[in-house]
Amino acid sequence: MTATSSGSARPPRRALVTGASGAIGGAIARALAAQGLHVIAHANGNRAAADQLVAELQASGQSAEAVVFDVTDAAACAGALGKVLEQGPVQVLVSNAGVHDDAVFAGMTPTQWQRVIDVNLNGFYNVAQPLMLPMLRARWGRIVAITSVAGQAGNRGQVNYAAAKGALHAAVKSLALECASRGVTVNAVAPGIVASDMSAGAFDADAIKRMVPMQRAGQ
């Protein structure tokens with residue numbers, strides 16, 4: 001995803017990273033910025049973390065800005081992304097925003113089910129769909145959805161999360177087939193347990209040792 005070739009006057013490619021206020025999203029944003037892309041760091045409830053990330057990148061001489069909207073709100077997504085596109089095309093999307101709200105299925109509330117589906121699955125549609133036509137017209141784009149091994153193998157207490165991530169895997173496969181001929185690639189990356197505030201509340205040390213062959217969380 002390198003932004004430009006050496007000596008090119010073309011402006012850097014622009015990458016939107018949703019959920020950039022979190023540990024994984026922040027790491028992705030830093031990696032893209034290091035490759036020379038202009039990073040649009042998205043947050044919803046934690047604007048301060050996105051602003052801090054942007055300040056860090058800018059202090060290192062990299063190009064970044066923050067944007068705030070709720071990925072579950074289609075109208076808010078369309079409005080925010082419309083303003084982003086006014087400043088230039090978005091060639092790279094990393095759909096990383098996600099939540100989990102764990103419970104055994106028999107005790108899972110409708111709110112727990114719907115919220116996890118909305119953020120992890122509907123949020124992908126709400127962000128990726130408005131960016132799709134500009135990518136297709138330009139005949140170049142990169143879409144990466146951050147999913148989870150739970151969507152492939154399942155996990156106790158995460159029926160809602162596994163359902164959302166499994167559906168996202170299926171959506172990525174179909175969208176990749178639709179877009180490949182126009183130079184737009186669509187892929188999924190399915191992390192296991194990664195050390196972060198989000199995972200710390202869900203998996204204790206014993207659980208990690210049982211579930212991960214290396215017996216530790218990813219870094």
Side-chain angles (χ1 to χ4, degrees), residues 1-99 119-120 123-135 137-138 140-147 183-189 191 194-199 218-219:
M1 294 181 186
T2 302
T4 60
S5 60
S6 177
S8 173
R10 187 180 66 185
R13 287 184 172 134
R14 304 171 79 221
L16 171 63
V17 181
T18 65
S21 56
I24 294 177
I28 292 168
R30 291 181 184 94
L32 292 173
Q35 293 184 43
L37 284 85
H38 173 78
V39 171
I40 304 163
H42 162 267
N44 181 25
N46 195 355
R47 172 65 186 259
D51 286 340
Q52 183 178 352
L53 172 63
V54 168
E56 172 195 324
L57 295 175
Q58 292 176 344
S60 299
Q62 295 162 336
S63 181
E65 65 182 286
V67 64
V68 178
F69 58 87
D70 183 352
V71 298
T72 70
D73 186 331
C77 287
L81 294 175
K83 292 178 181 178
V84 168
L85 290 170
E86 287 175 2
Q87 306 303 314
V90 174
Q91 295 97 341
V92 177
L93 167 64
V94 181
S95 182
N96 168 72
V99 298
V119 175
N120 294 288
F124 172 79
Y125 170 85
N126 290 338
V127 176
Q129 201 275 340
L131 300 179
M132 181 56 61
L133 276 179
M135 289 185 184
R137 291 190 185 109
W140 197 95
R142 299 290 181 264
I143 297 175
V144 179
I146 306 302
T147 61
V184 177
T185 63
V186 188
N187 289 279
V189 175
V194 175
S196 66
D197 291 341
M198 182 176 176
S199 65
Q219 302 296 315

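Bear in mind the structure is a predicted one, so any value in this text is a computation, not a measurement. Just so you know, these numbers use all the heavy atoms, side chains as well, and skip hydrogens, waters and symmetry mates.
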From [X] atom [atom1] to [Y] atom [atom2], the distance as rounded to the nearest 0.5 Å:
X    : Y    : atom1 : atom2 : answer
I146 : N120 : CD1   : CG    : 12.0 Å
I40  : Q87  : CD1   : CD    : 9.5 Å
M135 : L133 : CE    : CG    : 11.0 Å
L16  : I143 : CG    : CD1   : 10.5 Å

Would you please name every residue forming a side-chain hydrogen bond (donor to acceptor under 3.5 Å, both in side chains) with S21, sequence neighbours left out?
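S21: no side-chain hydrogen bond (donor to acceptor under 3.5 Å, both in side chains) contacts found.
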Can you list the residues that meet the side-chain hydrogen bond (donor to acceptor under 3.5 Å, both in side chains) rule with N187, with sequence neighbours excluded?
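For N187 there are no side-chain hydrogen bond (donor to acceptor under 3.5 Å, both in side chains) partners, ignoring immediate neighbours.
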Minimum side-chain heavy-atom gap [X]-[Y] below 4.5 Å:
X   : Y    : result
V92 : V144 : no
S95 : V127 : no
V71 : N44  : no

With sequence neighbours excluded, give me every salt bridge (Lys or Arg N to Asp or Glu O under 4.0 Å) pair touching residues 55-82.
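Counting only pairs at least two positions apart or across chains, the salt bridge (Lys or Arg N to Asp or Glu O under 4.0 Å) contacts touching residues 55-82 are R14-E65, R30-E56.
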Given T72, T18, N126, the one that forms side chain to side chain contact (heavy atoms under 4.5 Å, CB included) with C77
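Exactly one pass, corresponding to N126.
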For A64, which residues count as a side chain to side chain contact (heavy atoms under 4.5 Å, CB included) partner, sequence neighbours excluded?
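With sequence neighbours excluded, A64 shows a side chain to side chain contact (heavy atoms under 4.5 Å, CB included) to V39, V54, L57, given in chain and number order.
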Can you run down the ring-ring contact (aromatic ring centres under 6.0 Å, His included) pairs that involve residues 55-85, sequence neighbours left out, and say none if there aren't any?
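Qualifying pairs: H42-F69.
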Can you name the residues that form a salt bridge (Lys or Arg N to Asp or Glu O under 4.0 Å) with R137, not counting sequence neighbours?
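Salt bridge (Lys or Arg N to Asp or Glu O under 4.0 Å) list for R137, sorted by chain: empty.
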Show the nearest heavy-atom pair for residues [X] and [Y], with the distance to one decimal.
X   : Y    : result
V67 : A80  : CG2-CB, 4.5 Å
G98 : V119 : CA-CG1, 3.7 Å
A50 : A41  : CB-O, 4.1 Å

Any donor and acceptor pair, going by atom type alone, linking the side chain of N96 with main-chain N or O of V17 inside 3.5 Å?
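Not at all, since once roles are kept as given, no pair shorter than 3.5 Å links the two residues.
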